[in-house]
2 protein chains.
Amino acid sequence: MPKVETFNRNTVLQKATEVFHKKGYNGTSMQDLVDATDLNRSSIYNSFGSKLNMFLEVLSHYQSIYGNSFSQKLAQSYNATEAIEAIFDLYIHEIINDNDRKGCLVINCKSEMTNQEPLIKSFMEKNQDRMIAMLEDIVTKGQMEKIFNQNQTAGQYALYLFSSIQGLRMTGILNKNENDLRNLTRTVLKVLY
Amino acid sequence: MPKVETFNRNTVLQKATEVFHKKGYNGTSMQDLVDATDLNRSSIYNSFGSKLNMFLEVLSHYQSIYGNSFSQKLAQSYNATEAIEAIFDLYIHEIINDNDRKGCLVINCKSEMTNQEPLIKSFMEKNQDRMIAMLEDIVTKGQMEKIFNQNQTAGQYALYLFSSIQGLRMTGILNKNENDLRNLTRTVLKVLY
DNA sequence: CTTATAGTGAAATGATCGTTTCAAAAATAA
DNA sequence: TTATTTTTGAAACGATCATTTCACTATAAG
């Protein structure tokens with residue numbers, strides 16, 4: 001039987017995520033990844049195949065961590081208002097704690113690679129579908145509870161919220177004033193009520 | 001007296017803009033620029049100094065073209081409603097005509113380089129100030145004309161609109177459905193009335 | 001304890017990176 | 001025409017790129 005993988009795959013992915021997040025895909029070299037993960041070059045290729053493949057795993061890793069945060073917040077919410085506010089609140093915290101102004105790994109990658117790498121494009125399409133589905137769920141519940149209006153369909157509001165989140169995340173790269181961001185969020189959500 | 005520059009600087013900048021826009025800064029090589037501009041390597045360094053410096057000129061070039069479009073649209077507007085709708089309309093057209101899904105050069109660069117290059121960071125800060133000032137102007141006029149409400153200050157609405165534009169531009173990378181985008185815009189602007 | 005299997009380390013692969021060098025060519029002023 | 005100035009073209013710079021190679025080592029089943 002073979003010698004078994006000695007490193008912790010999640011720890012390695014976490015380290016790789018940090019590098020890619022800080023420098024972007026094209027700005028990250030294999031040497032950067034070797035240094036960050038403390039893995040040997042050949043071990044990386046052995047375990048992840050290629051730089052692009054490792055990056056795709058990093059994206060999924062990052063996405064699943066976000067997904068867990070979402071699930072946790074949503075489980076704690078009593079109604080649609082709390083749910084949607086919890087989501088935006090989560091992003092505001094991400095922004096404020098992002099001391100390096102790295103922005104969101106997924107959004108950065110979307111703008112860097114969607115038009116260049118088919119695998120990235122399809123990841124982004126799935127990511128968008130997933131996000132919009134989650135937001136549509138919340139809006140639908142809010143409309144059934146008569147908390148949100150029905151001026152637009154849940155799907156339309158979901159796209160609007162998805163777009164607003166991306167805007168918030170981009171704005172937060174340079175503006176990390178909590179009052180500004182909270183006010184911005186309030187303005188975004190006002191149209192729902 | 002010296003031999004004079006034979007190439008048209010604006011044409012060269014336009015060609016360089018296309019490459020940087022398509023591939024991003026880190027994804028663009030000097031060879032790409034040599035190929036695209038039909039200039040010799042040494043001529044590029046002679047005229048632009050470095051890759052980063054050329055990119056900064058490209059950014060300004062791109063920004064000034066956008067600025068001219070804005071000025072033109074604003075000059076044709078009779079009131080604040082027309083003005084703000086013209087701005088968003090301009091972005092929707094940009095999105096729909098962006099067949100390569102490249103997104104916005106400035107936004108792409110913001111997410112790729114703001115945390116890595118101080119010169120880019122300061123460009124982005126000025127860009128943000130300029131955009132918000134323009135939007136604040138429109139909102140102020142709209143509020144004076146009693147077309148827009150005063151629930152938020154013009155500055156707060158300007159940040160909201162700036163954020164919404166970035167979101168729209170990011171959303172438009174994958175969603176180029178005109179109905180969706182127009183509806184999204186309508187939802188964004190509704191809060192002003 | 002052998003043997004099969006796979007992770008590891010270090011070096012090397014050829015290609016490409018951004019930038020520099022320098023002689024030749026071109027253009028104007030004297 | 002000659003002197004001066006600057007753009008060119010082509011080659012070369014060392015560094016770094018993503019990836020491969022392969023001998024070596026560690027593991028666990030037989």
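Scope of the values below: all heavy atoms of this structure, side chains included, with no hydrogens, waters or symmetry mates. Throughout, a chain's letter reflects where its sequence line sits, starting with A, and its residues are numbered from 1. Model, not experiment: these values are computed from the prediction.
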At under 4.0 Å between heavy atoms, which parts of nucleotides 11-21 of chain D does protein reach? Answer with one letter per nucleotide, 5' to 3': B base, S sugar-phosphate only, - none.
B-----SSBBB
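Classified by interplanar angle (parallel below 30°, tilted 30° to 60°, perpendicular above 60°), the ring pair Tyr25(A)/Phe55(A) is tilted.
Using a distance-only test at 3.5 Å, with no hydrogens or angles considered, a donor-acceptor pair links the side chain of Ser64(A) to the main chain of His61(A). Under a 3.5 Å cut-off, the side chain of Tyr160(B) and the backbone N or O of Val188(B) do form a donor-acceptor pair. Formation of a donor-acceptor pair under 3.5 Å by the Asn97(B) side chain with backbone atoms of His93(B) is found in this model. Between the side chain of Gln143(A) and the main chain of Asn149(A), a donor-acceptor pair closer than 3.5 Å is present.
With rounding to whole Å, Asn40(A) atom CG is found 13 Å from dA23(D) atom C1'. Here dT5(D) presents its P atom at 16 Å from CG of Asn46(B), a figure rounded to the nearest Å. A straight line from CG of Asn8(A) to P of dG7(C) spans 15 Å, rounded to a whole angstrom. Protein atom CG of Leu39(A) is 6 Å distant from nucleotide atom P of dT8(C), rounded to whole Å. At whole-Å resolution of the value, CZ in Phe48(A) and P in dT8(C) are 11 Å apart.
Using a 4.0 Å cut-off on heavy atoms, none of the residues of residues 11-24 of chain A approach DNA chain C.
Applying the ring pair (Phe, Tyr, Trp, His ring centres under 6.0 Å) test to every pair with at least one member in residues 139-158 of chain B, sequence neighbours left out, gives these pairs: Phe148(B)-Tyr193(B). Residue pairs meeting the side chain to side chain donor-acceptor pair (under 3.5 Å) criterion with at least one member in residues 128-137 of chain A, sequence neighbours excluded: Gln63(A)-Arg130(A).
Geometrically, Lys51(A) does not engage Phe20(A) in a cation-pi contact defined by less than 6.0 Å to the ring centre and at most 45° from the axis. Remark: Arg186(A) fails to qualify as a cation-pi partner of Phe88(A) under the 6.0 Å distance and 45° angle criteria applied to the six-membered ring.
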Taking Watson-Crick and G-U wobble pairs with both distances under 3.5 Å, convert DNA chain D into its dot-bracket string, 5' to 3', dots for unpaired and | for cross-strand pairs.
||||||||||||.||||||||||.||||||
Only pairs under 3.5 Å count here: list side-chain donor-acceptor contacts from residues 166-180 of chain A, not counting sequence neighbours, and write none if there are none.
unit_1	atom_1	unit_2	atom_2	d
Gln166(A)	OE1	Lys110(A)	NZ	2.9
Gln166(A)	NE2	Thr171(B)	OG1	3.0
Arg169(A)	NH2	Tyr66(A)	OH	3.1
Thr171(A)	OG1	Gly167(A)	O	2.9
Thr171(A)	OG1	Ser163(B)	OG	3.1
Thr171(A)	OG1	Gln166(B)	NE2	3.0
Asn175(A)	OD1	Asn177(A)	N	2.9
Asn175(A)	ND2	Asp180(A)	OD2	3.2
Lys176(A)	NZ	Asp98(A)	O	2.9
Asn177(A)	OD1	Asn179(A)	N	2.9
Asn177(A)	OD1	Asp180(A)	N	2.9
Glu178(A)	OE2	Arg182(A)	NE	3.1
Glu178(A)	OE2	Arg182(A)	NH2	3.2

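A sub-4.0 Å separation between OP1 or OP2 of dT8(D) and a side-chain N or O of Ser43(B) is present.
Other residues, nucleotides and ligands place more than 12 heavy atoms under 6.0 Å from the NZ atom of Lys190(A).
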